[in-house]
Student: 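The structure under discussion is supplied below as structure tokens; questions concerning it will follow.
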Amino acid sequence: MLRFQESPCREFLRELLPGFIAYHLPQGAAPPPSPLTDDLRLAQDLGLDSLALSEMAFKMEEILGFTIETREVFDLQTVGDLITFLGGKLALP
Amino acid sequence: MTPAPAAVAVTGVGFVTSIGVNRREVETSLRQLRSGIRRWSPAPGLPLPVRVAGLVQGYDLDSVQAADWSWPEQAGVHEAEVRAMPPQGVYALAALREAMKEAGLTQGELGTGSTGLFTASAGSPRLLHHHLGRMEASRWRRIHPHAVISSIAGSLNFHLAALLHVRGASCGFTAACASGSHALGFAVDEIRLGRQERMLVVAAEELSLETVIPFAGLGALSAAEDPARASRPFDVLRDGFVPTAGAVALILESPAAAQKRGAPVRAWLRGWGHSGDGHHAVIPDPSGDGLFRAMHLALRDAGLTPADIDHVNAHATSTPAGDRAEAIALRQLFSGHQPAVSSSKALTGHGLSMAGLMEAAFSVLCLEGGFIPGQANLEQPDEACRGLHLPAATLNHPPRAIMNNSSGFGGSNVVHILIPNTHTPTS
């Protein structure tokens with residue numbers, strides 16, 4: 001996380017995401033597959049429900065220092081969408 | 001005379017309390033009158049109106065961040081299970097799993113629709129305070145998704161029901177310090193009415209400044225500094241209650257369901273009754289009439305008389321008004337035969353909404369072990385107790401029946417009658 005905060009880029013974001021998603025998965029959900037490919041669907045493939053997505057959005061705001069409306073996260077469908085969304089918010093290279 | 005409704009079997013109990021985190025520790029504490037009350041300094045350096053509390057050993061749930069909590073490995077609780085729960089959810093899950101293990105129940109048996117879940121808890125004022133503070137600081141824009149579900153009074157019920165896939169009747173009870181007792185009483189009825197064959201009953205409370213300090217505004221807290229002597233039910237020097245936290249779980253089953261599974265019957269819930277004082281939002285009716293009527297109704301429900309009761313686990317929280325009203329009610333009910341009366345809150349402190357369920361579970365241990373705990377910290381009984389049998393030491397006397405009393409704000413009174421497992425159910 002420190003490395004990401006010092007030198008944010010999409011590559012580091014991709015490295016951080018599996019652990020971040022794994023932490024927020026509901027009880028009983030299977031661990032996320034590795035590698036975490038862009039086509040994986042957040043709900044159907046990874047098991048992230050709306051509560052988990054809301055919690056992730058709240059945590060992202062806290063850690064990354066930008067503003068997210070919860071409904072923005074609900075619109076995201078895939079891992080690729082999430083990376084694009086976060087990269088855009090952070091204006092990452 | 002109408003025959004008494006069927007008794008309901010208690011097939012498992014689970015404890016996370018200040019006097020022990022399993023049945024062996026709790027029974028030893030009850031027999032030896034070992035106190036769980038310790039010095040408590042939740043805000044070091046501040047002149048708080050309370051200095052002692054009944055502390056659960058081995059659990060640290062003080063943080064507002066669930067990721068910081070810790071608990072004994074043997075509790076069998078996983079971090080992901082409790083991340084969105086109030087702190088007492090950890091206690092509750094540990095106690096419930098212990099009770100289920102004792103009853104020989106697996107989680108797979110809970111999802112058939114014939115098992116229900118009743119709970120009692122005040123929620124988490126601490127987490128509610130924390131989340132509201134953050135929301136206000138963000139001008140009400142940033143709202144943690146767990147703000148509601150980790151703090152409201154029903155949180156225990158909906159988390160446990162979802163986690164354990166309970167598909168039978170499911171709800172929480174809020175009647176202040178009688179809540180756990182209501183949950184147990186109505187669970188008995190749920191089985192008697194044939195709606196469920198099994199009920200999980202769980203009560204749990206957190207211990208925090210936010211939960212406890214508001215009671216100082218009512219003058220209800222003890223200001224005592226000596227943990228060992230702070231909680232003194234029925235004693236003239238009592239000056240208020242000592243708070244405690246934790247969880248207790250009971251598994252109730254119909255006689256047929258227990259027999260079908262070959263489950264060990266620990267004790268029988270023979271009957272219960274409840275009433276209202278109709279008097280004051282906080283202060284008990286000084287005549288004790290409300291509690292008297294609840295005791296009478298419980299005995300009638302159980303098909304027993306006052307002469308059948310050998311022990312009363314009194315509600316007595318160590319507050320002057322409450323203890324006095326209960327003593328008067330007991331004197332009115334018991335004339336001639338005097339059961340041994342004691343309040344285990346002298347050892348545990350007052351568990352608020354979980355108190356009545358905790359004391360019902362203690363009563364199960366007393367019936368199984370054949371003993372009656374003495375009244376700790378009683379040096380000079382209040383004048384109102386004249387004629388009551390308040391043994392100072394534990395009696396090695398198997399009680400034939402135990403009456404478990406609880407009262408909450410508004411004069412909400414609940415009484416359970418428990419009898420030993422040697423009883424044969426009539427229906």
Side-chain angles (χ1 to χ4, degrees), chain A residues 1-2 4-5 16-34 36 40-77 79 81-82 85-86 88-90, chain B residues 63-69 71 75-86 89-90 92-94 96-97 106-108 110-111 127-128 130-152 154-156 158-167:
Chain A
M1 181 53 72
L2 186 62
F4 178 79
Q5 285 168 331
L16 288 173
L17 217 47
F20 195 66
I21 288 174
Y23 179 79
H24 290 93
L25 283 173
Q27 167 70 17
S34 180
L36 205 59
L40 287 169
R41 295 169 297 176
L42 298 174
Q44 298 92 329
D45 297 331
L46 299 182
L48 287 165
D49 58 25
S50 61
L51 180 65
L53 285 170
S54 303
E55 193 186 356
M56 282 175 59
F58 192 87
K59 201 67 70 64
M60 287 172 198
E61 273 203 358
E62 205 163 59
I63 296 171
L64 302 175
F66 53 73
T67 299
I68 299 178
E69 295 299 329
T70 300
R71 69 178 70 88
E72 288 184 282
V73 181
F74 288 169
D75 290 339
L76 304 175
Q77 300 296 317
V79 170
D81 292 346
L82 181 58
F85 170 75
L86 291 174
K89 282 278 182 186
L90 291 163
Chain B
S63 174
V64 293
Q65 306 287 346
D68 299 333
W69 297 343
W71 51 82
V77 175
H78 305 288
E79 183 185 342
E81 295 177 320
V82 297
R83 200 170 70 226
M85 287 192 191
V90 179
L93 193 52
L96 181 53
R97 286 195 166 134
T106 61
Q107 186 168 322
L110 305 184
L127 289 189
L128 187 61
H130 167 72
H131 288 302
L132 289 174
R134 291 184 86 184
M135 278 191 256
E136 186 171 17
S138 75
R139 295 175 177 265
W140 305 97
R141 192 196 65 79
R142 297 192 75 227
I143 302 167
H144 195 291
H146 297 169
V148 173
I149 61 173
S150 67
S151 64
I152 65 171
S155 54
L156 198 58
F158 52 71
H159 279 296
L160 292 178
L163 179 67
L164 301 177
H165 307 301
V166 174
R167 298 177 67 209

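So that the names make sense, note that chain A is the first sequence line, chain B the second, and so on, each numbered from 1.
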Student: Does any backbone or side-chain atom of A:Glu69 lie under 4.5 Å from a heavy atom of chain B? Answer side chain, backbone, both or neither.
Tutor: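 Side chain only.
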Student: Would you say that more than 12 heavy atoms from the other residues, nucleotides or ligands in this model lie under 6.0 Å from the CZ of B:Arg97, or not?
Tutor: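 Buried by this count: over 12 neighbours within 6.0 Å.
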Student: Any idea which heavy atoms bring B:Arg142 and A:Phe58 closest together, and the distance?
Tutor: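 Heavy atoms of B:Arg142 and A:Phe58 come nearest at NH2-O, 2.9 Å.
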Student: Should we say atom CD of B:Glu136 is surrounded by more than 12 heavy atoms from elsewhere, each under 6.0 Å from it?
Tutor: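 Open: at most 12 neighbouring heavy atoms sit under 6.0 Å from CD of B:Glu136.
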Student: Looking at A:Gln27, is its backbone amide N or carbonyl O close enough to the side chain of B:Arg83 to form a donor-acceptor pair, meaning the two atoms are under 3.5 Å apart?
Tutor: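 Not a single qualifying donor-acceptor pair exists.
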Student: Considering non-hydrogen atoms only, spot the tightest contact between A:Ile68 and B:Arg141 and give its length.
Tutor: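 For A:Ile68 versus B:Arg141, the nearest heavy atoms are O-NH1, 3.9 Å.
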Student: Which atoms of B:Ile149 come close to chain A, meaning under 4.5 Å heavy atom to heavy atom: side chain ones, backbone ones, both, or neither?
Tutor: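 Only the side chain of B:Ile149 comes within 4.5 Å of chain A.
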